[in-house]
Amino acid sequence: MIHSLRNTTGRKVRATLALSLLSMSVCAALHAQEAPPPTSSEWGGIGLLQTPTARMADDGDIAITASHNSPYSRYNVTMQPLPWLEGSFRYINVSNLRYGPASFSGNQNYKDKSIDFKIRLLEESHWIPEVAFGVRDLGGTGLFSSEYLVASKRYGRFDASLGLATGYIGNRGDFSNPLGALDDRFKDRPIPTSAIVNAGKFGGNAMFRGPVGVFGGIAYQTPLEQLVIKVEYDGNDYRREPRGNNLPQSTPINVGLVYRPSKVVELTAAWERGDAAMFSLTLRGNPGGTRSAPKPLDPPPVPLTGDHREAGGQSTLETREAPTQQDWKLIASDLRTNAGFNLERVSAQGKELVLTGSQSRYFNPAKGLGRSSRILSHHLGDRYDWYTLRSERLGMPIVDMSVKREAFEGYLSGGVDEDTLKRSSELSAPGTNNGHELFRAKRSLFGGGFSFGYRQNLGGPDGFILYQVSANYSASYFFGKNVWLTGSASQNLLNNYDKFRYDAPSNLPRVRTDLRKYTRTSDLTIPNLQLNLSRRLSRDVYAIAYAGYLEWMYAGAGSEVLYRPMDQPWAISANINWVKQRDFNQGFGLRDYSTTTGHATLYYAFGNQQRVIASLSAGRYLAGDYGATANVARVFRNGVTMGAYATKTNVSSAEFGEGSFDKGIYFSIPFDTLLPRSTPARATLTWNPLIRDGGAMLARKYPLYNLTGERDERFFYENIQGIAD
């Protein structure tokens with residue numbers, strides 16, 4: 001009894017001490033000037049040292065943080081997809097624990113992986129602090145799981161935070177859980193007994209359970225702009241670490257310095273637990289808010305030769321003679337080399353000139369329209385009032401992009417503002433009236449090119465990173481406008497797959513977990529070789545059928561139909577596929593396993609200020625299981641995308657195995673924002689913590705929703721200023 005009273009008294013004293021420290025910092029800061037910027041904790045998210053704050057990074061921010069505090073090394077990636085939402089995923093290397101048996105993991109240290117999120121509940125005002133709720137280690141083993149509520153308030157050069165937590169962050173347990181008055185199960189928190197059993201679960205059975213700990217602290221902006229001081233009261237008791245990996249702790253007070261030599265670099269050094277040093281490095285950027293990089297390697301825009309504009313932007317270009325076939329060949333060449341537009345057909349409908357083809361250079365459709373319009377005005381003067389580019393993909397008309405010539409020329413000269421330009425442009429479904437044909441280009445039947453590929457698996461028991469670099473060649477041959485053969489060959493250049501020895505156990509047909517055999521059997525592979533047929537069935541309906549070697553693990557045949565109405569935020573599609581498993585060498589042989597798989601998918605775009613595109617797919621997966629996949633992504637104005645997905649099927653967590661269900665986080669960035677030359681290509685990085693057989697989808701080469709992306713009216717008008725580039 002005496003021991004219990006001492007523990008309770010000690011907790012109250014520690015909580016009182018934390019509150020006193022925060023109050024003192026607030027009073028001392030009333031006369032100061034500028035609060036410190038939000039900086040990363042050693043767990044990746046915005047915070048102090050070990051503990052989070054209610055602060056958020058800038059919208060569109062991405063940070064990579066590496067920290068070391070023996071025996072833990074943490075590698076974190078944190079994304080800010082929305083102003084009020086922070087998400088992180090990480091790997092923790094525990095240096096004094098081994099991953100598993102030496103037969104396959106050797107001397108590799110134990111790796112723990114997890115996902116966090118933090119949501120802002122209240123935004124700071126004069127009297128009200130910023131308030132946020134967060135969860136740590138939501139989708140991991142649960143060894144470091146925690147739930148917290150934290151408030152932060154700026155006072156001059158100080159930023160003070162105070163929070164309450166259950167789980168790891170509040171492991172010290174300053175007072176009993178008030179939810180225990182409702183249900184006794186909230187009084188104690190279950191301890192994870194097996195990392196493998198719990199890996200990937202949301203941990204709902206442990207959330208908000210156990211004693212509540214107090215945490216908080218202050219960040220102080222020193223007179224030196226680059227230097228921030230952090231002092232925190234840590235709510236964790238390191239003498240009760242997961243898996244019995246207990247650590248000495250002489251004090252709950254942690255002290256650290258953050259040095260920011262630039263906006264993109266944070267260097268942190270701290271003394272924690274009264275016993276250990278911590279060092280961390282954060283690299284921060286804001287791809288979501290980044291404008292396209294300068295393009296010195298692009299050809300210069302074609303000048304409007306002979307253009308003598310009057311005040312107000314009115315053009316006085318002379319009407320020129322009707323162009324000959326030779327003239328059109330020259331225009332087609334200029335369109336291809338300068339505007340990236342591969343011209344197939346030219347027609348006239350009164351004073352509107354319609355050019356049918358495909359854009360292959362510019363990520364921003366408005367830029368491609370502007371480059372093409374310059375060329376047309378250069379060659380044709382004021383012969384036409386409207387220019388329309390009819391974009392086709394794989395023989396299917398996708399969208400008509402139109403601009404009024406006079407408004408376009410006025411915008412270039414500064415006589416017409418952006419709002420007027422928007423009213424003088426139009427994005428519409430391709431028309432059925434082709435008008436009077438003026439020119440038809442000779443169709444190119446063959447196209448191909450080389451590229452490099454990179455593939456990796458992270459966090460496995462064989463090694464933390466298993467990677468492969470390959471040289472790829474892809475090509476297509478068109479038998480007709482809507483019928484073509486496409487394929488690719490891949491040659492291994494460099495990999496460390498000799499470490500790849502572990503085949504994950506599975507209670508389902510091995511539709512994905514034979515990954516090791518597919519990656520190690522052959523250096524030269526044919527990942528894809530398929531025959532395709534595409535059609536635009538009506539104004540807003542598209543269809544595609546395909547057969548052959550559809551992806552590196554499956555051959556078969558299938559089809560998809562998409563309904564995507566113009567001027568609407570939603571679309572719906574359905575696909576069905578019969579597939580058979582390929583040989584491990586990815587040649588032309590097939591294995592015994594076959595199945596029918598397919599999904600119906602609803603797409604919807606939300607939001608006016610911040611755009612979110614969500615999709616829900618329901619159907620049958622490769623292992624024969626039935627369920628649904630939810631995918632939510634923030635799409636920024638420049639095309640940068642941050643998203644997450646999760647799949648749940650009728651397979652139980654025990655049958656699914658480690659991970660409990662399929663899930664992942666991804667980040668996609670257009671190369672156009674990085675490179676000195678325009679390109680429509682993009683890179684997508686996906687973090688899938690575990691590859692399992694449940695909830696596995698076929699990787700189709702031509703999803704129709706992606707092929708019809710130019711129908712995105714909002715993206716066109718948000719970036720219409722690029723028409724002048």
Side-chain angles (χ1 to χ4, degrees), residues 298-357 359 361-362 364-391 399-428 430-431 433-441 716-717 720-725:
D298 277 357
V302 171
L304 301 180
T305 306
D307 182 11
H308 303 285
R309 292 186 180 82
E310 299 173 349
Q314 299 298 314
S315 173
T316 60
L317 276 171
E318 295 179 358
T319 301
R320 304 190 182 172
E321 296 292 330
T324 65
Q325 289 296 301
Q326 191 62 35
D327 291 334
W328 278 119
K329 289 181 180 179
L330 177 60
I331 294 173
S333 176
D334 286 348
L335 286 169
R336 181 177 60 257
T337 58
N338 191 278
F341 189 77
N342 301 305
L343 183 65
E344 296 179 7
R345 181 177 181 273
V346 182
S347 62
Q349 301 175 19
K351 297 290 284 184
E352 180 184 10
L353 188 69
V354 181
L355 284 72
T356 301
Q359 170 61 242
R361 174 174 296 171
Y362 299 110
N364 180 1
K367 185 173 181 177
L369 176 60
R371 286 291 183 111
S372 299
S373 298
R374 283 176 178 268
I375 293 168
L376 296 174
S377 288
H378 176 85
H379 286 281
L380 304 177
D382 61 357
R383 184 176 183 86
Y384 296 97
D385 292 339
W386 284 83
Y387 300 139
T388 294
L389 299 189
R390 180 162 295 167
S391 177
V399 70
D400 281 0
M401 294 179 286
S402 305
V403 64
K404 190 174 182 180
R405 177 189 54 79
E406 197 171 74
F408 167 69
E409 294 171 359
Y411 184 70
L412 294 184
S413 68
V416 169
D417 61 19
E418 187 173 309
D419 288 338
T420 302
L421 177 66
K422 288 180 179 179
R423 292 193 297 270
S424 302
S425 59
E426 184 178 331
L427 207 68
S428 59
N433 181 10
N434 291 325
H436 173 61
E437 184 172 296
L438 302 177
F439 174 76
R440 183 178 291 270
F716 176 81
Y717 283 111
I720 198 169
Q721 67 279 356
I723 203 170
D725 292 345

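As the structure is a computational prediction, the values presented were derived from the model and not from experiment. Numbers for residues simply follow the sequence, beginning at 1.
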Worked verdict on Glu406 versus Asp385 for side-chain contact (heavy atoms from CB on, under 4.5 Å): CA-CA 7 Å; Glu406 197 171 74; Asp385 292 339; over 6 Å; no

Are any side-chain N or O atoms of [X] and backbone N or O atoms of [Y], one a donor and one an acceptor, separated by less than 3.5 Å?
X	Y	result
Ser372	Gly368	yes
Asn338	Pro300	yes
Gln359	Arg361	yes
Arg371	Phe341	no
Arg383	Pro323	no
Ser424	Thr420	yes
Ser377	Arg374	no

How about [X] and [Y]: do any of their side-chain heavy atoms sit closer than 4.5 Å?
X	Y	answer
Leu369	Phe716	yes
Leu355	Arg390	no
Ile720	Ser425	yes
Glu426	Asp400	no
Leu380	Ile331	yes

If you take all heavy atoms of [X] and [Y], which pair is closest and at what distance?
X	Y	answer
Phe408	Val403	CB-CG2, 3.9 Å
Ala332	Phe439	CB-CE2, 4.4 Å
Tyr411	Val416	CD1-O, 3.2 Å
Ala339	Ile375	CB-CD1, 4.0 Å

So, taking the atom named [atom1] in [X] and the one named [atom2] in [Y], what distance separates them when rounded to the nearest 0.5 Å?
X	Y	atom1	atom2	answer
Thr356	Leu343	OG1	CG	8.0 Å
Tyr717	Glu418	OH	CD	11.5 Å
Leu421	Ile723	CG	CD1	5.0 Å
Tyr387	Ser373	OH	OG	7.0 Å
Leu353	Gln349	CG	CD	9.5 Å
Glu409	Leu304	CD	CG	5.5 Å

Donor + acceptor pair across side chains of [X], [Y] (<3.5 Å):
X	Y	answer
Asp334	His378	no
Glu352	Thr388	yes
Arg405	Tyr384	no

Evaluation steps, salt bridge (Lys or Arg N to Asp or Glu O under 4.0 Å), between Arg345 and Glu437: CA-CA 8 Å; Arg345 181 177 181 273; Glu437 184 172 296; 2.9 Å; yes

Asp298/Lys367 ion pair, N-O < 4.0 Å: yes

